[in-house]
Structures are given as structure tokens and as C-alpha cells.
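Down below is the structure, laid out as C-alpha cells.
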Amino acid sequence: MATPLTAKAMLTALTEEGVNVIEVGSWRTHNRGTRGTGWGPVNGVMIHHTVTSGTDASVRICRDGYAGLPGPLCHAVAAKDGGIHLVGHGRANHAGNGDPDVLAAVIREDETLPPPRVATTDGNSRFYGLEAINLGDGKDPWPAAQLEAIARYAAAICRAHGWNQYSVIGHAQWQRGKIDPRGPGKNAGAMIRDIQARVGALLAEPAGGRPKPPPPKPKPPATGGGAHTVARGETLWSIAQRHGVTVAQLRAANPAVKGDVIHPGQRLTIPTTTYTVRRGDTLWGIASSHRTTVAALRQANSLRGDTIHPGQTLRIPR
């Protein structure tokens, strides 16, 4: 449990984490006051989708609310261009009542949460709320800039409170019947696992920092096609490192190899699967969903940075 950040501390944390902050009106004092059980102690960050489109309209709804549900409807809005619009600070109408067992698991920072069964605990007092602009129809894409902004917003709050990535949850994990945040081919659970993975990576570095890529290693031209022709001086270990697999996996894919003995000109099968990049995908999201690492993906595909494109085929190391 933690005392909520002040508006000043929130702005500082977000700025230091590299978040592109847009302050909307009197966000520092815009809240629901002491209604319900008030505001705090806080225990986590809850991610939603707006079921709207367009930045201006979505921000306005989240700030002002609508008939029957006054604003603010969250603390911040994540636009598709990566901007984080601050619309409120204090109690906001975003979480509603949820399951106390889920709250207890979030407080413990459990990796796996129990399914929500009852709605008896006021979530508006316990969670920071972020609304991401998305129709939530399973078709509307989540651009990489938006996903990165969401992760950095959550990481900033977690860092400020000393929480880990498992203090970040989805609305669907808090209340029965909710589906947010939902994306193409991904339910809320999958979306949150990707976000948590990125938050964890951010928290492992200084605020606002990025992991430094390893220095490039000289290597022969890639043969592609899931195969490799052994060059003079190569070893099983060096080939495995190049393709982002283990020596054991390389041996298993090549039964003719006995021990570590290989010969120049010998053709080896590289154990890989492939994945076609979709709009909004990022390397860290793909790595997380395929139980591999960004470094292994870069090695297997001879990538120098994090840039990928829709329609691109990536080799996934097994």
C-alpha cells in the first residue's frame, strides 16, 4: 500500500521516465473528491481502452465524463501517437467495484491473479487509471508508440512507489464482464502480459534509459531458410549464438552431429519457426509471446535495432 503521488511528484516521475506528457486544463485538482472510500492508499495501475476514436474527443470524454458517469474517467489518456494526456488527479471513475482477492494478489505483486468473482471493493480509491484510445473491437490496432507510452506511464508510477511490473493490471482482471484492454488477436490477459514485460524491462534500467545493445560481432553472411552452411573456424557454440538458439537445440535438430564435431561445408538445420509482423507489433511484444528474448530475435534475424515493419517475416528461435 502507498500514499498517492502528489500531482507534482506524478509529473516529475513521468517526465523522468521519458513520457510525452500533455497537461489538460486543471488536471491537478480535477477529481471526484471524497466520494466512495476516497482516494488511497493506492496499490497499482489499471489499464483500460476507451471504446472511442480520435484524440480530442476521447480526451474530452475522459476528462468530463457523460450523463450518469461524471469525469474524470481516468487519470491519463494514452493517444495513438504516444502522447499521455493528464486529465485528472485524485479519485476518478475508472475502476468501479472489484474483487478483494484480486486486490490482495496485486498487493502481494503475484504474477498470476485469481479470476474476479465478486464486486465488493472500491477500485477507484486503489488504482491509478489509464485509458488507451482504442475501439476495443479486436481489430483496431495499437501502434508501437502508444504501447511504449502506456508501458512508460506505468513504469514511472511503479518506480515512484517501489512496485514491480505485476502491480499493473487490466480492467478485465478486476471486474467480471470487462474485456479491456483488448487488441487484434489478443485478449486482456495477453495484452497485459506484454505490457508487464515491457514495464519490467524499463524498471531494470535507470529512469528514462534504454538497455544498451551489445557491441556488434563479426559474423559470416546469413544463409537463411532455417539452414546454415558451416564456415571454416566455426563451432556449434558460435553458430548457436549467431542464430539465437542453444547448442542442445542445434544438436537435436541435427541428429547426424556427434558431440561437437562439425566440418566446413556441412549444412546444419537451424531450429526456428516464423512470425509475420502485424501493425502495432514490437520486438519486445513478439519476444514475450514466443517465450524468447529481444536479443535472440535480433540475432536470428540480423537486426541492428528495434525497427520492424508490418508484413515482415521474422525467424523465431526455439
Side-chain angles (χ1 to χ4, degrees), residues 1-5 36-51 73-76 78 91-132 134 136 138 142 146-204 282 284-291:
M1 295 187 184
T3 301
L5 298 174
T37 57
W39 171 234
V42 286
N43 306 108
V45 182
M46 188 175 295
I47 311 298
H48 310 256
H49 59 231
T50 61
V51 199
L73 305 184
C74 58
H75 300 104
R91 184 179 177 86
N93 280 331
H94 72 97
N97 288 337
D99 196 311
D101 290 339
V102 174
L103 178 61
V106 173
I107 292 172
R108 293 192 301 266
E109 295 184 313
D110 291 349
E111 181 174 354
T112 302
L113 301 178
R117 302 184 186 281
V118 298
T120 58
T121 299
D122 181 10
N124 291 331
S125 68
R126 297 303 191 103
F127 291 95
Y128 296 94
L130 175 70
E131 287 277 1
N134 191 278
W142 295 73
Q146 185 181 35
L147 290 171
E148 182 69 8
I150 292 168
R152 286 185 179 269
Y153 173 87
I157 295 174
C158 289
R159 194 187 301 276
H161 285 302
W163 300 335
N164 69 21
Q165 66 267 35
Y166 300 120
S167 292
V168 183
I169 72 170
H171 196 190
Q173 296 170 298
W174 176 243
Q175 280 188 328
R176 293 179 62 185
K178 299 297 182 181
I179 63 170
D180 48 327
R182 180 186 181 193
K186 292 184 179 180
N187 62 15
M191 290 286 293
I192 291 299
R193 284 193 295 273
D194 284 354
I195 292 169
Q196 287 174 337
R198 180 58 179 148
V199 170
L202 289 168
L203 293 176
T282 61
W284 62 265
I286 295 170
S288 175
S289 62
H290 287 87
R291 299 176 182 245

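Using a distance-only test at 3.5 Å, with no hydrogens or angles considered, no donor-acceptor pair links the side chain of Asp122 to the main chain of Asn97. Using modelled atom types, one side-chain atom of Gln196 and one backbone atom of Val168 make a donor-acceptor pair closer than 3.5 Å. No donor-acceptor pair closer than 3.5 Å links the side chain of Asn124 to the backbone N or O of Asn93. Formation of a donor-acceptor pair under 3.5 Å by the Trp174 side chain with backbone atoms of Gly96 is found in this model. Using a distance-only test at 3.5 Å, with no hydrogens or angles considered, no donor-acceptor pair links the side chain of Glu109 to the main chain of Gln165. Within the 3.5 Å criterion, the main-chain N or O of Ala78 finds a donor-acceptor partner in the side chain of Gln146. Looking at Arg159, its side chain does come within 3.5 Å of a backbone N or O of Leu202 through a donor-acceptor pair. Put simply, the side chain of Gln173 never gets that close to the backbone of Gly189: no donor and acceptor are under 3.5 Å apart. Without hydrogens or angle criteria, Asn43 side chain to Ile107 main chain gives no donor-acceptor distance under 3.5 Å. When atom types are taken as modelled, the side chain of Asp110 and the backbone of Leu113 share no donor-acceptor pair closer than 3.5 angstrom.
A 4.5 Å side-chain heavy-atom check between Trp284 and Asp194 finds at least one atom pair inside the cut-off. Contact annotation: the side chain of Cys158 approaches that of Leu203 to within less than 4.5 Å [non-hydrogen atoms, C-beta and beyond]. Counting heavy atoms from C-beta outward, Gln175 and Pro116 have side chains that stay 4.5 Å or more apart. In this structure the side chain of His171 never reaches within 4.5 angstrom of the side chain of Phe127, judged on heavy atoms.
The two atoms that bring Leu73 and Ala92 nearest to each other are C-CB, 4.4 Å, heavy atoms only. When every heavy atom of Pro100 is checked against every heavy atom of Thr121, the shortest pair comes out as CB-OG1, 3.3 Å. When all heavy atoms of Trp142 and Gly183 are compared, the pair lying nearest together is NE1-CA, 3.3 Å. For Arg126 against Pro41, the heavy-atom pair with the smallest separation is CD-O, 2.9 Å. Nearest approach of Gly129 to Cys74, heavy atoms of both residues: O-CB, 3.5 Å. Residues Pro181 and Gly170 share a closest heavy-atom pair of CD-CA, 3.9 Å.
Note that the CG atom of Leu130 and the OG1 atom of Thr50 stand 10.5 Å from one another [nearest 0.5 Å]. Once rounded to the nearest 0.5 Å, the distance linking CD1 of Ile195 with CG of Leu147 reads 6.5 Å. Expressed to the nearest 0.5 Å, how far CG of Asn134 lies from CE of Met191 amounts to 7.0 Å. Rounding to the nearest 0.5 Å gives a distance of 8.0 Å between OG1 of Thr282 and CZ of Arg198. Between the CZ atom in Arg117 and the CG atom in Asp101 there is a gap of 8.5 Å [rounded to 0.5 Å].
Ring geometry, Trp39 versus Tyr128: the interplanar angle exceeds 60°, so the pair is classed perpendicular (tilted spans 30 to 60°). Ring geometry, His94 versus His48: the interplanar angle exceeds 60°, so the pair is classed perpendicular (tilted spans 30 to 60°).
Shown are Val45, Val199, Val42; of these, the side chain to side chain contact (heavy atoms under 4.5 Å, CB included) with Ile157 is made only by Val45.
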